[in-house]
Amino acid sequence: MKKIQSTCNYCAIDCNLDFYVEDNRVVKVVPTAGYPVNDGFCCIKGLSLDKQQTTVKPGSLPKIRQADGSFRQVSWEEGFQHVADKLKELQAKYGPESVAGISTGQLTLEEFAIFGHVMRNYLKTNVDGNTRLCMATAVVAHKQSYGFDAPGYTLQDLELSDTIIFIGSNPVVAHPILWGRVRNNQVPGHKVIVIDPRRSETAMNADYWYGLRWRSDLVLLYTVANLLIEKDYLDHEFIEAHTEKFPEFREFVKAYTLERGVADTGLSREQILELVELIHSGKRVSFWWTMGVNQGYEAVRTAQAIINLALMTGNMGKPGTGANSITGQCNAMGSRTYSNTAVFFGGGDFANPARRQRIAGVLGVEESMLAEKPTKTYNQIIEGINAGEIKGLWILCTNPRHSWTNNETFASAAKKLELFVVQDIYDTIESAEDCTVFFPVVPGLKKEGTYINLERRLSAMRPVLERGENEISDYEAILGVGKALGMGDALKGWETPRDCFNLMRECSRNMPGDITGITWEALENSHGIQWPYPEGREAELSDDQRRLYEDGRFFTPSGKAQFVFEEVRENPLPRTEKFPYVLNTGRGTVGQWHTQSRTREVRFVEDVSVKGAYLYMNPELADQKGIREMDRIRVYSANGQNALFTVKLTGNVSREELFAPIHYMECNRLTPSVYDPYSKEPSYKATPVRFEKV
Ligand SMILES: Nc1nc2c(c(=O)[nH]1)N[C@H]1C(S)=C(S)[C@@H](COP(=O)(O)OP(=O)(O)OC[C@H]3O[C@@H](n4cnc5c(=O)[nH]c(N)nc54)[C@H](O)[C@@H]3O)O[C@H]1N2
Ligand SMILES: Nc1nc2c(c(=O)[nH]1)N[C@H]1C(S)=C(S)[C@@H](COP(=O)(O)OP(=O)(O)OC[C@H]3O[C@@H](n4cnc5c(=O)[nH]c(N)nc54)[C@H](O)[C@@H]3O)O[C@H]1N2
Ligand code: SF4
Ligand SMILES: [Mo]
């Protein structure tokens, strides 16, 4: 029996697991003991990674749609050539930006990188990722406040903090191993606080729950800031030495009085004052936020309002502190740093000549080959297809027909495309329905590469199972198309994921996320390694748990963190008499993953999961409307669509709220085309709706 240590490729915790293999079959999955992230534990999804062995039917080959609508199976070489020719044909006919790509936070770092190199650099097209639906807000917030997209914490901070505040975050369901770290906290008298309009599973397990009104976080956070200032609960030394624009911020928040906070959030005076005292009395206060913050119409400013609280109270860079954004997908952090959207691997500005020269030098290409401007965003790509400007699309490792906001707009887009390549491990996903080409690739168990988790830790994915005939990885599929495009020398040094990793290392040199000290071999059977890890400093950085900003220096030109703030916005899609309820959306159960393509295959998850779309309703509201548990209702959204749901009753949602798990396609049939102005992340969590019993 062989033992292979690899990384779970569901959520951003990146647990490591030991796979025991016999005759090319996994016989046992054991969470890796001693691994600093998950030390011998993991959740049901990781434990059942081996249950996905039917994903790629042995010998699966690409399929190309024929004129009569049927598919023809072709060899991989023919598939690559078809896609390459079609991409070039569309570009010649309609212009370079008439083709686009949508990537993901669930591939390896090397796969993003090569996709970016082929699509953004060589073809000069637009490529965005599903990370736009997820982490884009945190990225913009970090860049503006810290000067680089660098979450500073390490997971151990959850164990060292005496005041842990979750904002729009439900780790009991979404990040169980992270919640496990909270449970490991031994600090006497430590407190867990949850800010969430819904009494989530995490709220139920917390010491304090603040059930504020939806989308009123920004007012709450500014009110709390104002009260902290009024009471002089500040770390003046930290503010003076390490931040900028505090005097302006102090003036700005004066308008956010306690009265206004009470009126806008629906919380009581006592609750808001209690929260202020909790923050003040903590010696090590940590703030943690996830999609309840990131997915809103003023999300970037909300994330920055959390950062402001940490800065003004000096809760930054010290053990157990921080304004900490929790990442969603297994390699969302990798997709950000080694971005296929920006293609300035390791970060940096398109317009910076020195950075251009450096990247071109490492990649061995002319500077003119590098992408010249930021990519069009996800919403612009879908709008571009619907407007007839974009004719070709290549998506990989994401299922937008289901997950995209207002998802009927994706359905209509898919039908307009002349080339629609879907690259996935299942040809049964909703997005593949209208594809013109399907590339079947192998799942994580059969490939190799690098992942970066939410605390900046790189870890290795290594092949657990051997591949059969015709089975290829995402990396090889992208490389195949690149070669068929005639990229020639522009692909020198990109031959294997390992070669690519070495290019990425070199690109990262002297950047904030420098990984030049990490080798492909060193990641194998390791504890993972957090960035930064520059060559030459390995000995001094060998600690298993490292945080950023301990020296109070940030990545801005002045080295100081910025207070960033702005007046709250008017809700672009408020509740009305016609649509008097709010549809909140999010993760339903620990076992279900997003669009369910993968977790549907896991018997013991599927057996206990609700089969069709459902939502939660408050029993009092149900009573008033004559609705009982398991009744069916039709929900009408302000976006013009409607869908059927089964009702489950719970007092954990308020009388004005419905909560729908995202694992059913009906959910995003109802969400709107509303975005944060800076991050362009969809406002997924507060759609005005009405409903009737059917
Ligand atoms: N089992 C499982 N785990 C997952 C995933 C999965 O699909 N299944 N997906 C992974 C991914 S990619 C991600 S991004 C993470 C997401 O992880 P989370 O963000 O923790 O999960 P969500 O359920 O999307 O949303 C969190 C909370 O935001 C709250 N919320 C809604 N509106 C507001 C508001 O206005 N203010 C505040 N303060 N809160 C609000 C919701 O009620 C919800 O409880 O989970 C990851 N983990
Ligand atoms: N209403 C609402 N909508 C949301 C959210 C919300 O909170 N509310 N959350 C948003 C967030 S945070 C996210 S991250 C998105 C997620 O949305 P998606 O990315 O669309 O969801 P997944 O189901 O994870 O899709 C991943 C796809 O990759 C495939 N796959 C798995 N492994 C591999 C592989 O190795 N290679 C390839 N090529 N394919 C593979 C799977 O079969 C699946 O089809 O959903 C967003 N949508
Ligand atoms: S899904 Fe997340 S918490 Fe569960 S095993 Fe995988 S990495 Fe760990
Ligand atoms: Mo996500």
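As the structure is a computational prediction, the values presented were derived from the model and not from experiment. Count residues from 1 along the sequence. In listed order, ligands and their atoms are each counted from 1.
Atoms of ligand 2 found under 4.0 Å from any heavy atom of R598, numbered from 1 in the order shown, are 31 (C). Residue C667 approaches ligand 2 through these ligand atoms, each under 4.0 Å from one of its heavy atoms: 1 (N). Atoms of ligand 2 found under 4.0 Å from any heavy atom of I429, numbered from 1 in the order shown, are 44 (O). Near K447, with a cut-off below 4.0 Å to any heavy atom, the atoms of ligand 2 are 34 (C), 35 (O), 36 (N). If you number the atoms of ligand 2 from 1 as listed, the ones under 4.0 Å from a heavy atom of V441 come out as 36 (N), 37 (C), 38 (N).
Comparing heavy-atom distances from atom 13 (C) of ligand 2 across M291, M135, R132, R587 singles out R587 as nearest.
Remark: distances from the non-hydrogen atoms of K685 to ligand 2 include one below 4.0 Å. Not a single heavy atom of G328 lies less than 4.0 angstrom from ligand 2. Ligand 2 lies out of reach of T405, whose nearest heavy atom is not under 4.0 Å from it.
The shortest N or O to N or O distance between S200 and ligand 1 is not under 3.5 Å.
Both the backbone and the side chain of T595 come within contact range of ligand 2, each with a heavy atom under 4.0 Å. The proximity of D217 to ligand 1, defined as any non-hydrogen pair under 4.0 Å, is limited to the side chain.
Considering only residues two or more places apart in sequence or on other chains, N642 meets the side-chain hydrogen bond (donor to acceptor under 3.5 Å, both in side chains) condition with R634. For D149, the side-chain hydrogen bond (donor to acceptor under 3.5 Å, both in side chains) partners two or more places apart in sequence, or in a different chain, are H142, R336.
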